[in-house]
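This report concerns only the one structure given below.
Just so we're clear, the structure is a prediction, and the values are computed from it rather than from any experiment. Whatever order the structure lists them in is the order used to number ligands and atoms, beginning at 1.
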Amino acid sequence: MRTEDLIHFCAPGRLIIGNGSRHQLPQLLARLGYRSGVLVTDAFFAEKTPWVKEYTEAAERLGISTIIYAGGLPDPTTGLCDEATAVLRDQLAGKQPDHVIALGGGSNIDLAKALTLTLPQGRPIAEFAGDIGGCRPLPLIALPTTSGTGSEATPGAILLDPANATKIAVMDNALRPQIALIDPEFTYTCPPRVTADAGIDAFTHAIESFLTLDSALFERAGNPDPGYSGRSPLTMLFARESMRLCFAWMERAYQQGDDTEARVGMAYASIYAALSYGTAGLNAGHGIAYAVAGQTH
Ligand SMILES: NC(=O)c1ccc[n+]([C@@H]2O[C@H](COP(=O)([O-])OP(=O)(O)OC[C@H]3O[C@@H](n4cnc5c(N)ncnc54)[C@H](O)[C@@H]3O)[C@@H](O)[C@H]2O)c1
């Protein structure tokens, strides 16, 4: 504890973690009153795993209908988001969905996050960059399949803007998922390269947020609801544990993808890093990376 700290801690509305926890989702959504959803994913999950069918059939039995969008791509662009908005609005034929589900890595989660803003009125996502202007996004349910980005807990969607070859962030606390459901079994199919890239992402989130400005010094620019607001003992507690878990499990998850203990360890490392940086914010590494990634992917 430090007497000068000013903590404004934000997290997803519900956090569910556990092997096999995906099977609880249809009943939970039915109980929360959801009836009509859009599920955003990519071709791998739609065609090569049973998860999409398993979910939609179980949800259907409980009276929840779901439209599937399987056009997600790594590092989604603003153009992809606008295209997905048009395709989905066409399929919805004037009906408003009451939730959006994201299944995939950070790319699919960010695309789905952006769609929670664009689906209601069909506006281009670029109009929301920097400030969502008081717009109420649709509730988002995030099911991460990589242990890395932590997008299931953060207030931002990162999209590539091909017009100026950089990544843009659409940010607001209203964009944090209502439900982050982390089923480590989703990550068992992750190839080694994706496991390593994602694991290093989580580790970097933990380090950068551990070293960022103190909450008492963080410039909030008069914002009463800042997305990021500096490090505090609360965020540092998650960052420290995340770094420890990365040390313990990252290499094993990479070397032996079927090591369930290592996969679960990295799932915790990733969400703990997100619970740190999702409030504290990051540091120069990510600032530079946004510009570089726009040029190099
Ligand atoms: N919004 C945020 O807070 C935030 C934070 C960090 C990164 N990001 C964004 O996340 C994106 C990177 O996400 P990522 O690292 O999770 O990778 P990704 O979502 O881009 O996925 C990379 C590839 O791995 C595949 N894949 C993912 N999970 C798999 C699984 N379980 N089995 C088999 N294949 C799988 C995907 O289909 C894809 O082809 C970047 O666009 C980055 O900007 C967002």
Side-chain angles (χ1 to χ4, degrees), residues 10-12 22 40-52 70-78 80-81 102-117 125 129 137 140 142-161 166-173 175-177 180 182-206 208-209 227-228 253 257-258 263 266-267 270-271 273-283 285-294 296-297:
C10 298
R22 64 185 181 281
V40 178
T41 191
D42 62 41
F44 174 79
F45 298 104
E47 291 162 19
K48 301 266 194 284
T49 73
W51 300 323
V52 173
L73 292 170
D75 285 341
T77 60
T78 49
L80 177 68
C81 179
L103 173 68
S107 294
N108 293 352
I109 298 176
D110 282 6
L111 175 61
K113 243 186 220 180
L115 286 166
T116 65
L117 283 170
I125 189 63
L140 177 65
L143 314 177
T145 62
T146 58
S147 292
T149 74
S151 178
E152 66 278 7
T154 71
I158 316 290
L159 299 172
L160 265 178
D161 179 7
T166 186
K167 283 191 167 184
I168 60 161
V170 181
M171 290 267 293
D172 196 284
N173 278 325
L175 287 170
R176 286 185 203 263
I182 296 155
D183 185 338
E185 287 176 5
F186 281 143
T187 67
Y188 291 4
T189 50
C190 252
R193 174 66 198 256
V194 176
T195 303
D197 285 351
I200 293 288
D201 200 17
F203 190 44
T204 312
H205 290 152
E208 284 188 39
S209 60
Y228 292 151
D258 59 354
R263 291 293 195 185
M266 284 310 295
S270 172
I271 186 64
L275 291 171
S276 173
Y277 92 89
T279 280
L282 292 164
N283 220 314
H286 268 72
I288 295 166
Y290 280 10
V292 175
T296 64
H297 283 263

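Residue nearest to atom 9 (C) of ligand 1, selected from Asp197, Asp42, Asp110: Asp110 (by heavy-atom distance). The option with the heavy atom closest to atom 27 (C) of ligand 1, from among Leu175, Leu160, Val170, Thr146, is Thr146. By heavy-atom distance, the residue among Thr204, Leu282, Thr189, Leu103 lying nearest atom 30 (C) of ligand 1 is Thr189.
The residue Pro144 has no part lying near ligand 1, judged by heavy-atom distances below 4.0 Å. Of the heavy atoms in Thr145, both backbone and side-chain atoms come closer than 4.0 Å to ligand 1.
Of the polar atoms of Pro74, none of the N or O atoms is found under 3.5 Å from an N or O of ligand 1, judged by distance alone.
Protein heavy atom closest to atom 6 (C) of ligand 1, with residue, atom name and distance, is Thr149 CB, 3.5 Å. The protein heavy-atom contact nearest to atom 31 (N) of ligand 1 is Phe186 O, 2.8 Å. Of all protein heavy atoms, the one closest to atom 40 (C) of ligand 1 is Asp75 OD1, 3.1 Å. If you check which protein heavy atom lies closest to atom 5 (C) of ligand 1, you get Tyr277 OH, 3.2 Å. The shortest contact between atom 18 (P) of ligand 1 and any protein heavy atom is with Ser107 OG, 3.5 Å.
Note that the CG atom of Leu140 and the CD1 atom of Ile109 stand 8.0 Å from one another [nearest 0.5 Å]. In this structure, the separation between OG1 on Thr149 and NE2 on His205 is 7.0 Å, given to the nearest 0.5 Å. From Leu115, atom CG reaches atom CG of Leu111 across 4.5 Å, with rounding to the nearest 0.5 Å. Atom CG of Leu143 is separated from atom CG of Asn108 by 10.5 Å, given to the nearest 0.5 angstrom. Once rounded to the nearest 0.5 Å, the distance linking NZ of Lys113 with CG of Asp110 reads 5.5 Å.
Residue contact check for ligand 1: Gly104 places no non-hydrogen atom closer than 4.0 Å to it. Residue Trp51 places no heavy atom under 4.0 Å from ligand 1. Under a 4.0 Å heavy-atom criterion, Phe45 is in contact with ligand 1. Close to ligand 1: Pro191, with a non-hydrogen atom less than 4.0 angstrom away. Contact analysis leaves Gly150 out of contact with ligand 1, as no non-hydrogen atom separation drops below 4.0 angstrom.
The distance from ligand 1 to the heavy atoms of Thr154 drops below 4.0 Å at these ligand atoms: 1 (N), 2 (C), 3 (O). Taking every non-hydrogen atom of Val194 and a distance limit under 4.0 Å, the qualifying atoms of ligand 1 come out as 24 (O). Within the listing of ligand 1, atoms 16 (O), 19 (O) sit less than 4.0 angstrom from a heavy atom of Gly105. Ligand-side atoms of ligand 1 in range of Lys167: 40 (C), 41 (O), 42 (C), 43 (O), range being under 4.0 angstrom from any heavy atom. Within the listing of ligand 1, atoms 6 (C), 7 (C) sit less than 4.0 angstrom from a heavy atom of Asp201.
Of the protein's heavy atoms, none falls inside 4.0 Å of atom 25 (C) of ligand 1. The presence of a protein heavy atom under 4.0 Å from atom 21 (O) of ligand 1 is ruled out.
Across all non-hydrogen atoms, the minimal contact from Leu275 to Pro12 is CD2-CD, 4.3 Å. When all heavy atoms of Arg176 and Gly278 are compared, the closest pair comes out as NH2-O, 2.8 Å. The shortest heavy-atom contact between Asp42 and Gly72 is CB-O, 3.2 Å.
Side chain of Thr279 to main chain of Cys10: a donor-acceptor pair is present (N/O by atom type, distance under 3.5 Å, no hydrogens or angles). Between the side chain of Ser209 and the backbone N or O of Ala206, at least one donor-acceptor pair lies under 3.5 Å. Here the side chain of Thr41 pairs no donor or acceptor atom with the backbone of Ala70 at under 3.5 angstrom.
Side-chain atoms of Thr154 and Met171, non-hydrogen and from C-beta on, never get closer than 4.5 Å to each other.
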Worksheet entry | side chain to side chain contact (heavy atoms under 4.5 Å, CB included) between Ile182 and Glu152, worked out | CA-CA 9 Å; Ile182 296 155; Glu152 66 278 7; 4.0 Å; yes
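Ring pair Phe186/Trp51 is perpendicular by interplanar angle, where above 60° counts as perpendicular and below 30° as parallel.
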